[in-house]
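What follows is one structure encoded as structure tokens, with my remarks underneath.
Everything quoted here is computed from the prediction, not taken from an experiment. Each ligand, and each atom within it, is numbered from 1 in the order the structure gives.
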Amino acid sequence: MTHRIEMEGGGVFDVSADEDTLLRGALRAGIGFPHDCSVGGCGNCRFDLVSGEMETLWAEAPGLTERDRRRGKRLACQSRPRGDCVIKVRPADEYRSVVAPRRRAARLVAKTAITPEMSEFVFQAEGQADFVPGQYGLLRPPGVEGVRAYSMSNLPNEAGEWRFVVRRVPGGRGSNALFDAVAIGDEIPLDAPYGHGYFRAAVERDVVCVAGGSGVGPIVSIARAAIAARPARRVLVFEGARTRADLGFEKLIGADLAGVASYVPVLSAEPEGSDWSGARGFVHAALEAGLADRAATCEVYFAGPPPMIEALQELLIMRWTVPVERIHYDRFF
Ligand SMILES: Cc1cc2nc3c(=O)[nH]c(=O)nc-3n(C[C@H](O)[C@H](O)[C@H](O)COP(=O)(O)OP(=O)(O)OC[C@H]3O[C@@H](n4cnc5c(N)ncnc54)[C@H](O)[C@@H]3O)c2cc1C
Ligand code: FES
């Protein structure tokens with residue numbers, strides 16, 4: 001059974017009655033529905049319900065402001081159609097999925113500690129692991145409301161292997177459930193791939209990658225893909241972490257580090273008395289010092305916490321006037 005969704009102003013698509021959300025149904029149907037995080041944080045998937053019945057999954061989602069709520073706005077990633085509906089939204093080609101997302105069961109086959117707080121989770125699922133480096137999947141950890149977004153840290157492969165670098169967030173329900181309630185051999189639902197912060201293989205500019213914390217997962221995937229696409233590009237990596245023990249890039253990339261033209265680790269909370277002789281402070285400041293005049297000639301990828309993303313947007317777009325189409329990122333809400 002399906003529900004018919006009509007977009008006021010043109011366009012109709014069908015959503016399966018057992019679909020998780022309006023957003024995911026629209027993307028599966030090939031619609032360029034505006035979105036970003038898929039988890040209620042960014043507000044980019046706002047739409048108006050003109051007629052029909054729509055269930056709200058997470059009424060308090062921070063992606064809606066109080067003003068949005070007063071005006072009756074809804075989030076497509078937190079809405080599920082209960083019948084045929086008419087909605088108001090402005091789709092755009094840039095939001096179309098580059099690889100059609102698909103739901104599957106993912107079995108945990110290995111878990112490796114990368115830092116005291118981060119581990120790489122390896123899942124096995126039926127069919128090939130079809131995604132573009134830099135994209136994310138939606139995992140449903142047991143016993144928590146909603147799904148959680150985690151970016152793939154490996155490369156697409158035919159063996160159906162999906163890797164994610166997950167940070168255990170103090171007090172976080174989903175990340176702690178992944179660490180503590182999913183044992184080797186257990187299966188959990190995975191819906192993937194999603195996201196637009198992916199590697200643009202056809203662009204032959206040098207590649208600059210900036211990772212903050214667990215943003216190192218997708219950055220390793222993008223760096224690997226860029227190295228494989230050489231010799232056209234140089235790959236420069238900046239990694240921000242609190243202390244030396246929290247750095248993950250070198251461990252994750254292994255022997256492929258030899259293909260990275262420059263790797264700059266930057267520590268924001270390393271004890272003053274330690275023997276660390278590398279960069280200190282915030283990673284965007286290190287980028288500013290290290291890249292400056294070369295920024296305009298590069299394709300820039302970054303992933304990590306929202307404050308880091310905002311600082312980099314300000315630097316790259318407002319101050320260095322790098323064209324927005326050369327900047328690709330994921331905010332980890
Ligand atoms: C695009 C993207 C990619 C990401 N990639 C990574 C990654 O590679 N590695 C990594 O460690 N982290 C990543 N994150 C962050 C990750 O998704 C989680 O936010 C983080 O692990 C904290 O989750 P938690 O459940 O532990 O914390 P909590 O505070 O319990 O939950 C926070 C997250 O859950 C959602 N949420 C909370 N309550 C509900 C509810 N009732 N219903 C529905 N949703 C709810 C929030 O929107 C938020 O995403 C990414 C986030 C995004 C948006
Ligand atoms: S995509 Fe729905 S709030 Fe981010």
Query raised in the report: Would you find more than 12 non-hydrogen atoms of other residues, nucleotides or ligands less than 6.0 Å from Arg69 atom CZ?
Result: yes
Query raised in the report: Do ligand 1 and Ser151 have nitrogen or oxygen atoms that lie under 3.5 Å from each other?
Result: yes
Query - Ligand-residue contact atoms, ligand 1 with Ser214, heavy atoms, under 4.0 Å - result: 9 (N), 10 (C), 11 (O), 12 (N)
Requested in this report: For Val166, counting its heavy atoms only, list the atoms of ligand 1 lying under 4.0 Å from any of them.
Outcome: 11 (O)
Query raised in the report: Between Arg148 and ligand 1, is there a nitrogen or oxygen pair with a distance under 3.5 Å?
Result: yes
Requested in this report: May I ask you to decide whether Arg103 forms a salt bridge with Asp20, counting only side-chain N to carboxylate O separations under 4.0 Å?
Outcome: yes
Report summary line: Atoms of ligand 2 under 4.0 Å from any heavy atom of Gly43, numbered from 1 in the order shown, are 3 (S), 4 (Fe)
Requested in this report: Over 60° means perpendicular and under 30° means parallel, so classify the ring planes of Tyr329 and Phe302, tilted if in between.
Outcome: parallel
Report summary line: Numbered in order shown, the ligand 2 atoms found under 4.0 Å of a heavy atom of Ser38 are 1 (S), 4 (Fe)
**Report entry** Which of the ligand 2 atoms, numbered from 1, are nearer than 4.0 Å to a heavy atom of Asp36
**Finding:** 1 (S)
Query raised in the report: Has Arg242 got more than 12 heavy atoms of other residues, nucleotides or ligands less than 6.0 Å from its CZ?
Result: no
Query raised in the report: Any N or O on Arg331 sitting closer than 3.5 Å to an N or O of ligand 1?
Result: no
Query raised in the report: Which heavy-atom pair separates Pro91 from Met7 by the least distance, and what is that distance?
Result: CG-SD, 3.8 Å
Query raised in the report: Got an N/O contact under 3.5 Å between Gly171 and ligand 1?
Result: no
Report task. Look at Asp206 together with Arg233 and state whether they make a salt bridge at an N to O cut-off of under 4.0 Å. Result -> no
**Report entry** Parallel, tilted or perpendicular, as decided by the 30° and 60° cut-offs, for the rings of Tyr95 and His35
**Finding:** tilted
Query raised in the report: Hey, is there an N, O or S on His35 sitting under 2.8 Å from atom 2 (Fe) of ligand 2?
Result: no
Report task. Could you tell me whether Asp191 and Arg28 make a salt bridge, using a distance below 4.0 angstrom between a side-chain N and a carboxylate O? Result -> yes
Report summary line: One finds that the ligand 2 atoms under 4.0 Å from a non-hydrogen atom of Gly40 are 3 (S)
Requested in this report: Could you tell me if any non-hydrogen atom of Cys37 lies under 4.0 Å from any atom of ligand 2?
Outcome: yes
Requested in this report: Test Phe179 against Phe121 for ring-ring contact (aromatic ring centres under 6.0 Å, His included), laying out the working first.
Outcome: CA-CA 9 Å; Phe179 274 92; Phe121 288 69; 5.1 Å; yes
Query raised in the report: Is there a nitrogen or oxygen of Tyr150 sitting under 3.5 Å from a nitrogen or oxygen of ligand 1?
Result: yes
Report task. Taking atom CD of Glu126 as the centre, report whether more than 12 heavy atoms of other residues, nucleotides or ligands fall under 6.0 Å from it. Result -> no
Query raised in the report: Just going by heavy-atom distances, which of Ala177, Gly217, Gly172, Ala149 is nearest to atom 13 (C) of ligand 1?
Result: Ala149
Query raised in the report: Going from SG on Cys77 to CH2 on Trp58, what distance comes out if it is rounded to the nearest 0.5 angstrom?
Result: 9.0 Å
Query raised in the report: Can you tell me the angle formed at atom 2 (Fe) of ligand 2 by SG of Cys45 and SG of Cys77, to 10°?
Result: 100°
Query - Options Trp58, Tyr329, Phe333, ranked by nearest heavy atom to atom 46 (C) of ligand 1, top entry - result: Trp58
Report summary line: Within 4.0 Å of some non-hydrogen atom of Cys37, the atoms of ligand 1 are 53 (C)
**Report entry** Close approach, Phe164 and ligand 1, non-hydrogen under 4.0 angstrom
**Finding:** no
Report summary line: Heavy-atom proximity to atom 9 (N) of ligand 1 ranks first, among Asn176, Val147, Val165, Leu138, for Val165
Query raised in the report: Are any of the N/O atoms in Gly41 less than 3.5 Å from those in ligand 1?
Result: no
Report task. Could you list which atoms of ligand 2 come closer than 4.0 Å to a heavy atom of Gly41? Result -> 3 (S)
Report summary line: ligand 2 to Cys42, heavy atom cutoff 4.0 Å, flagged ligand atoms 1 (S), 3 (S), 4 (Fe)
**Report entry** Atom CZ of Phe333 with >12 non-hydrogen neighbours under 6.0 angstrom
**Finding:** yes
Query - Salt-bridge contact Lys73-Asp48 (side-chain N to carboxylate O under 4.0 Å) - result: yes
Query raised in the report: So does Arg67 have more than 12 non-hydrogen atoms from other groups sitting under 6.0 Å from CZ?
Result: no
Query - Numbered atoms of ligand 1 (with element) below 4.0 Å of Arg167, judged on heavy atoms - result: 11 (O)
